[in-house]
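See structure below.
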Amino acid sequence: MEFFIDTGDLEEIKTAYEWGIIDGVTTNPSLVAKAGIDQKTLITSISEIVDGPISAEVISSDAKGMLEEAYELAKIHENVVIKLPMTKDGMIACKQLSKDDIKTNVTLVFSANQALLAAKNGATYVSPFVGRLDDIGQTGMALIAEIRDIFDNYGYATKILAASIRHCDHVKASALMASDVATVPFKVLEQLFHHPLTKIGLDKFMADHQNAKK
Ligand code: E4P
């Protein structure tokens, strides 16, 4: 499974990329606003750090506006992936960008049918938001399993990008359900390294090593 980091924080991206586990980056308008710089500057800076797909989201609500934004964003770097909302206009833009050979990530996917529509229109990625489904009392991970079955039934090449990941169990479940990618916040990426027995074991090895030297 590929790991993307879900952030607009350049320090977080640099740190996680150095760990060697990051294959790409996802941003959204909220993350760009949090970063406090304009989207073009942010995406350019990310492309100087990470050699992999970088999702940049459009903010227009009509297909024409989305496409104008998409063509400008795509000029920033060949790794830019255009993030489009799961709306009718988003799907019109998705179909056109697919014809133009520009990569897309259809976001705000909350049902298997929405994922199916995005795949039909040639989306490169679909982003089911598992955490936000959990927030309203549904089981977000069940959606990943449904989309996996549907895409496999028909051989769609669209990649499943598990998004709105909130904790380590979401990451493990994404991998068990054969999600192609999980986009993970920095805090959760850090938590993935830890296990209490690793720490206890390492402390014991170091203590034994020090004692043996005496
Ligand atoms: C990813 O592409 C999404 O923008 C992101 O995972 C949303 O996560 P949130 O529900 O924690 O805001």
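Remember, it's a predicted structure, so these values are computed and weren't measured experimentally.
- Note: D203 CG to D208 CG = 11.0 Å, rounded to the nearest 0.5 Å.
- Take E68 and apply the side-chain hydrogen bond (donor to acceptor under 3.5 Å, both in side chains) test, not counting sequence neighbours, and it matches K64.
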Please lay out, stage by stage, how N105 and S127 fare under the test side-chain hydrogen bond (donor to acceptor under 3.5 Å, both in side chains). CA-CA 7 Å; N105 172 1; S127 288; 2.7 Å; yes
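- V126 and L97 fall within a single hydrophobic cluster, where Ile, Leu, Val, Met, Phe, Trp and Tyr side chains are chained together by heavy-atom contacts under 4.5 Å.
- Note on residues 33-46: no pairs pass salt bridge (charged side-chain N to carboxylate O under 4.0 Å, His left out), not counting sequence neighbours.
- Rounding to the nearest 0.5 Å gives a distance of 10.0 Å between CD1 of I82 and CD of E72.
- Within 6.0 Å of CG on D51 lie no more than 12 heavy atoms contributed by other residues, nucleotides or ligands.
- The pair E190-K187 fails the salt-bridge criterion, with no side-chain N (NZ, NE, NH1 or NH2) lying under 4.0 Å from an Asp/Glu carboxylate O.
- Here salt bridge (charged side-chain N to carboxylate O under 4.0 Å, His left out) pairs that include residues 91-113, with residues two or more places apart or in two chains, number zero.
- Residue-environment remark: OH (Y154) stays at or below the threshold of 12 foreign heavy atoms within 6.0 Å.
- Each of V25, I49, I46 was scored for a side-chain contact (heavy atoms from CB on, under 4.5 Å) with Y17, with one residue passing: I49.
- Taking CD1 of I21 as the reference point, atom CG of L189 lies at 5.0 Å (rounded to 0.5 Å).
- Relative orientation of the W19 and F186 rings is parallel, given thresholds of 30° and 60° on the angle between their planes.
- With values rounded to the nearest 0.5 angstrom, K120 atom NZ is found 11.0 Å from T158 atom OG1.
- The line from CD1 of I13 to OG1 of T7 is 5.5 Å long, rounded to the nearest 0.5 Å.
- Listed by first and then second residue, the salt bridge (charged side-chain N to carboxylate O under 4.0 Å, His left out) pairs involving residues 170-185 are R148-D180 (not counting sequence neighbours).
- A salt bridge (charged side-chain N to carboxylate O under 4.0 Å, His left out) check over residues 79-91, counting only residues at least two apart or in different chains, returns the pairs E57-K83.
- For F129, the ring-ring contact (aromatic ring centres under 6.0 Å, His included) partners two or more places apart in sequence, or in a different chain, are F110.
- The distance from the CG atom of L84 to the CG atom of L108 is 11.0 Å, given to the nearest 0.5 Å.
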